[in-house]
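Below is one structure, written out as structure tokens; comments come after it.
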Amino acid sequence: MDKRYALGIDFGTESGRAVLVDIHNGEELASHITPYPHGVMDERLPGSGRALGANWALQHPEDYMAVLRKSVPAVMEISGIHPARVIGIGIDFTACTMLPIDRNGVPLCYHDAFRDEPHAYVKLWKHHAAQEQANRINETARRRGEPFLSRYGGKSSSEWMLAKAWQVLSEAPHVYDAADRFMEAADWVVGQLAGRPVRSGCCAGYKAFWSKEDGYPGEAFLRALDPRLERFAIDKLRGEVLPLGERAGELTEGLAAELGLAAGTAVAVGIIDAHAGVAGVGAVHSGQMVMAMGTSLCHMLISDKKIYADGVSGVVEDGIIPGLYGYEAGQPAVGDIFGWFVEHQAPAYVTGLAESEGIGVHDWLERRAAQLRPGQHGLLALDWWNGNRSVLVDADLSGLIVGLTLQTKPEEIYRALLEATAFGTRKIIETLERAGVEVKELLACGGLPKRNRLLMQIYADVTGRTIKVAASEQTTALGAAMFGAVAAGPGHGGYSDIAEAARHMARVRDEYFVPDAERGEVYDRLYRSYVQLHDLFGRGGCEVMKELLAVKLETSRRQLADDKI
Ligand SMILES: Nc1ncnc2c1ncn2[C@@H]1O[C@H](COP(=O)(O)OP(=O)(O)O)[C@@H](O)[C@H]1O
Ligand SMILES: O=C(CO)[C@@H](O)[C@@H](O)COP(=O)(O)O
């Protein structure tokens, strides 16, 4: 039988990568990473250098095309595979990463008139400057008893589509008016490949309040937010919403020639990056929870049961695995917290020692931290360096470390940060189980499980659960490729559904992280203190984090105004 291949393209926070996969056994033939030339723009716009406000995070759509133009030809060249054997392309993306486009699908930031306008660029998932809009969405939806809010644990996030688009309308109405539509970047890139703009039910379901039964929130609700938003869903989100596994279209001749692929290759509906990891690790059954562990941590639970759990970012039918309910919860900073510590807090003696031992700073800190017993450092941290996504859903919360003394060492703080993120995960699992959905099995994918064994052991000890780790180094891209094979369908040598693709293409490693009862007991005790701090700072008992942020925002507004003078 002729060999067939699928291409998975993973658009992450800092870079995009293409992976070419053998659809018969999931073997990865070639992969290539392209860092985004503009990176994450969180301080200034490119070109003019115009300053951005606090909590902004933008991207440039040119960078996504750069990934396609560099990484796709690179994997084709490395593998030497004939383009006709690549039967499908799947892409996964961070979300809600959204942009305004004109009626020809051109991003507004490409137009000279908008080049110096921050609101014309892509707002990255971690753009957190629309909290005011998110708060008003929550208040209004609650007051009106809008049923859609219960699907999202009773609270929506500033990261999502409506809050971000409303921020554009509030602060740059001319950009809002000029936008023919707002698109998820996933859908925009799929539109570039397939030549027709379709929307992903996965992105729309988790990030734009869309559901299969009810569509988007109605005009009356949108009008109650702001009369100018009344037709937001009808006009600015218009476009067909397709379920995962569907074919969005076929690769256009123009891009096929540029990328070295065959015109007409099936292009799958886009999927959120973390969600692609679920298929990639082969979790297609009820009760399986997958943790996509990288910059952030997304928890995806597959279930045959539909319940509403407070503070869980969404339950969407067919949202992750067609035919089942998909729950998403998450922590918006995990690897980012450890990265912050290494970059900004590790003293020179630590970087020096790591260098002299010929290892990275993370590895040095991990080795030292692994010599400590749970609780030995006397520290406890709240993992909110980038706000809290679940279960408090509040981007305005911030990080905290309790217990510091003059004796505290860098590796102790590093370990406390690893532990804090594990406590955050335990809180999410407990919230889901208390609400009535069972978490039977824990699997992990993403960059962190391979990089930091201590972290994984701490997660097993803190949650009291065995953790299985994905075999693939690129699980999200693998998952995207699996959807590419499904989009091609059996008629073109692909698969009829994602479960069939998973049977052939997904794998976990033979090695598991098993919880230790003795360490678990200490962590049970520390977790009780974590919950105390969590509720005190997160549920209104102590408003210091909010007050600090208010002062910071006022000062930054004054600074921006002074800069303009
Ligand atoms: N050895 C390590 N231990 C813990 N965190 C790490 C280590 N090496 C890198 N990181 C963090 O992992 C994150 C990158 O994870 P990765 O899965 O590669 O990226 P992404 O989430 O963007 O796909 C960064 O935030 C980085 O700070
Ligand atoms: O928000 C989601 C998923 O809902 C992610 O796209 C976002 O956390 C980014 O994930 P990464 O850690 O960059 O892979």
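Whatever order the structure lists ligands and atoms in, that order sets their numbers, starting from 1.
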### Message
For Arg453, which part has a heavy atom under 4.0 Å from ligand 1: side chain, backbone, both, or neither?
### Response
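Contact part for Arg453 vs ligand 1: neither.
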### Task
Specify side chain, backbone, both or neither for Asn452, according to which of its non-hydrogen atoms lie closer than 4.0 Å to ligand 1.
side chain
Return all side-chain donor-acceptor pairs below 3.5 angstrom for residues 333-346, not counting sequence neighbours, or 'none' if the list is empty.
unit_1: Asp336; atom_1: OD2; unit_2: Lys126; atom_2: NZ; d: 3.2

Which of the ligand 1 atoms, numbered from 1, are nearer than 4.0 Å to a heavy atom of [X]:
X	value
Arg17	23 (O)
Phe338	4 (C), 5 (N)
Gly339	27 (O)
Gly447	17 (O)
Leu448	4 (C), 5 (N), 6 (C), 10 (N), 11 (C), 12 (O)
Asp336	25 (O)
Tyr414	3 (N), 4 (C)

In terms of the angle between their ring planes, are [X] and [Y] parallel, tilted or perpendicular, with boundaries placed at 30° and 60°?
X	Y	value
Trp364	Tyr349	perpendicular
His534	Tyr530	tilted
Tyr527	Phe423	tilted
His38	His60	parallel

Which ligand 2 atoms are under 4.0 Å away from a heavy-atom of [X]?
X	result
Ser296	7 (C), 8 (O), 9 (C), 10 (O), 11 (P), 12 (O)
Asp273	5 (C), 6 (O), 9 (C), 10 (O), 11 (P), 14 (O)
Glu328	3 (C), 4 (O)
Thr13	11 (P), 13 (O)
Ile272	3 (C), 4 (O)

### Among Phe148, Tyr216, Phe232, the one residue meeting ring pair (Phe, Tyr, Trp, His ring centres under 6.0 Å) with Phe209
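Of Phe148, Tyr216, Phe232, ring pair (Phe, Tyr, Trp, His ring centres under 6.0 Å) with Phe209 is met by Phe148 alone.
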### Task
Report yes or no: does a heavy atom of Gly12 sit under 4.0 Å from some atom of ligand 2?
no
### Query
Is there a heavy atom in Lys207 that sits closer than 4.0 Å to ligand 2?
yes
### Summary
Heavy-atom proximity to atom 7 (C) of ligand 2 ranks first, among Trp125, Phe93, Tyr206, for Trp125
### Message
Just to be sure I'm reading this right: ignoring hydrogens, which of Gly294, Gly446, Gly335 gets closest to atom 25 (O) of ligand 1? Compare them by their nearest heavy atoms.
### Response
Gly335
### Task
Give the contacting part of Arg389 toward ligand 2: side chain, backbone, both or neither, where contact means a heavy-atom distance below 4.0 Å.
side chain
### Query
Taking the side chain as C-beta and beyond, is there a heavy-atom pair between Gln167 and Lys123 under 4.5 Å?
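Yes, at least one pair of side-chain atoms sits under 4.5 Å.
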### Message
Strictly below 4.0 Å, N to O, side chains only: are Arg415 and Glu411 in salt-bridge contact?
### Response
no
### Task
Carefully, step by step, assess Trp125 and Thr13 under the rule side-chain hydrogen bond (donor to acceptor under 3.5 Å, both in side chains).
CA-CA 8 Å; Trp125 65 274; Thr13 300; 3.0 Å; yes
#### Entry: Trp364 near ligand 1 by a heavy-atom separation under 4.0 Å
no
### Message
So for Gly12, does at least one of its heavy atoms come nearer than 4.0 angstrom to any atom of ligand 1?
### Response
no
#### Entry: Heavy-atom nearest neighbour in the protein, as seen from atom 1 (O) of ligand 2, with distance rounded to 0.1 Å
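For atom 1 (O) of ligand 2, the nearest protein heavy atom is Ala95 O, 2.8 Å.
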